[in-house]
Protein chains: 2
Amino acid sequence: MLPRWELLNEVEARGVRLTAQSRALIATIQETTTHLDAASLLNLARKRNPKIDRATVYRTIELLKKLGMIDELDLMHLNGEKHYYEVKIQQEHLHLACFECGQILEFATPVFERLKQEIAAANQFEIHVTRLELGGLCSACTAKKKVRVQ
Amino acid sequence: MLPRWELLNEVEARGVRLTAQSRALIATIQETTTHLDAASLLNLARKRNPKIDRATVYRTIELLKKLGMIDELDLMHLNGEKHYYEVKIQQEHLHLACFECGQILEFATPVFERLKQEIAAANQFEIHVTRLELGGLCSACTAKKKVRVQ
DNA sequence: GTATTTGCAAAAGCTTTGCTGCAAC
DNA sequence: GTTGCAGCAAAGCTTTTGCAAATAC
């Protein structure tokens, strides 16, 4: 795993004061390695602090987004319109969503970095956030499909 | 402008029967060059056929998506959670969304094609849909920011 | 004591769905 | 006469917001 933000330390290092609730939420995001949506995050964080409210979840997510410490994903809207969150890691990566089995693959390559540089240069665009998502069939589901066709 | 689907012809060529309503909707999508959301599409299409309903808009969009003739965009959710639609063109391109002025830039480059090939090969993934969106500041807004800072 | 942040509940925004009736062949 | 699509209205899902009460310092 590539280096991720140490969320709690980083946030407080920036002078933001945290309450018990947002601390529980941030700790939950930190230790969870799957892609969390707001509802799942709420459920998990309530194990640490049962009185957390939905509104606090969204407000904490908003904070972490503003600080640039988490990324918001759509994951091709495979399961409705909700958003997913992940701690930013140093190396930008992309998400492959399988329409068949719902699996999410992550992939990083230097070509992506180069592409970003080209985009920024060609358009004089200052890139803050990147979201590259691809939908299709993972290798397992492609294989299954071929069997079916034969 | 790169070649786009001739939506009406193409859809009917695939044996789909269209009603006056979906025909009006598809014609509207065809001739509109900006990124349309469902509500704007409805408003525009009603000029051709005033009795179109919202549900028909969504059902027609669904059809075109399934046929792979339009792409669905989020445009970094600059204006809420709605989706935007555009007729697919042969060359894949990406969208740059300016957080400051809301402008959407489009950009195409062979590097993106190469990246997709690499992704497909490395993951044995059959890519059906691609969504690359970048958020940040366009050149004008970057310039303004610099002036302010000086 | 003052300034924030929370919880609650309600609203908002966008999309989907069930059902009845209309339309197409 | 069947089959299916449209319109309508309601519901659904996720996110946002206003406000009074609670919390942090």
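Since the structure is predicted, the reported quantities are computational estimates derived from the model, not experimental observations. Just so it is clear, the values below take in all heavy atoms, side chains as well, and ignore hydrogens, waters and symmetry mates.
- Side-chain proximity of A:Tyr85 to the nucleotides C:dC8, C:dT15, D:dT15 is greatest for D:dT15.
- Taking atom CG of residue B:Asn79 and atom P of nucleotide D:dT15, one finds them 17 Å apart after rounding to whole Å.
- Between the side chain of B:Thr32 and the main chain of B:Thr28, a donor-acceptor pair closer than 3.5 Å is present.
- To the nearest angstrom, P of D:dA6 lies 13 Å from CD of B:Glu62.
- Residue B:Arg54 contributes atom CZ, which lies 9 Å from atom C1' of D:dC8 at whole-angstrom precision.
- Contact annotation: A:His83 side-chain N/O to D:dT14 OP1/OP2 distance is not under 4.0 Å.
- Here the side chain of A:Tyr58 is nearest to one of C:dG7, C:dT17, D:dT15, namely D:dT15.
- As rounded to whole Å, 11 Å separates atom C1' of C:dT6 from atom CD1 of A:Ile52.
- Closest contact between the side chain of A:Thr19 and the listed nucleotides C:dT6, D:dT15, C:dT16 involves C:dT6.
- Each of B:Glu81 and A:Thr60 was assigned the nucleotide of DNA chain C with the nearest heavy atom; the assignment lying further toward the 5' end belongs to A:Thr60.
- Comparing C:dC8, D:dA6, C:dT15 by their closest approach to the side chain of B:Thr56 singles out D:dA6.
- DNA chain D is contacted by both A:Lys82 and B:Asp53; B:Asp53 maps to the nucleotide lying nearer its 5′ end (nearest heavy atom per residue).
- Looking at heavy-atom distances under 4.0 Å, B:Arg17 makes contact with sugar-phosphate atoms alone, never a base.
- Backbone-only contact: A:Ala38 has heavy atoms under 4.0 Å from sugar-phosphate atoms and none from a base.
- Ion pairing between B:Arg48 and B:Glu31 holds under the 4.0 Å rule for side-chain N and carboxylate O.
- The CG-P distance, from A:Asn49 to C:dT6, rounds to 11 Å in whole Å.
- Remark: C1' of D:dT14 and CG of A:Leu36 are 16 Å apart, rounded to the nearest angstrom.
- Residues B:Met69 and B:Val87 are not in side-chain contact: their nearest non-hydrogen atoms beyond the backbone lie 4.5 Å or more apart.
- In this structure a side-chain-to-backbone donor-acceptor pair under 3.5 Å is missing from A:Asp74 to A:His77.
- The nearest whole Å value for the distance from the CD1 atom in A:Ile61 to the P atom in D:dT15 is 7 Å.
- The side chain of B:Ser22 sits closest to D:dA6 out of D:dA6, D:dT17, D:dC8.
- Put simply, CZ on A:Arg46 is 12 Å from C1' on C:dC8, counting in whole angstrom units.
- In terms of phosphate contacts, B:Gln21 brings a side-chain nitrogen or oxygen within less than 4.0 Å of OP1 or OP2 of D:dG7.
- In this structure, the side chain of A:Glu133 engages the main chain of A:Met76 through a donor-acceptor pair within 3.5 Å.
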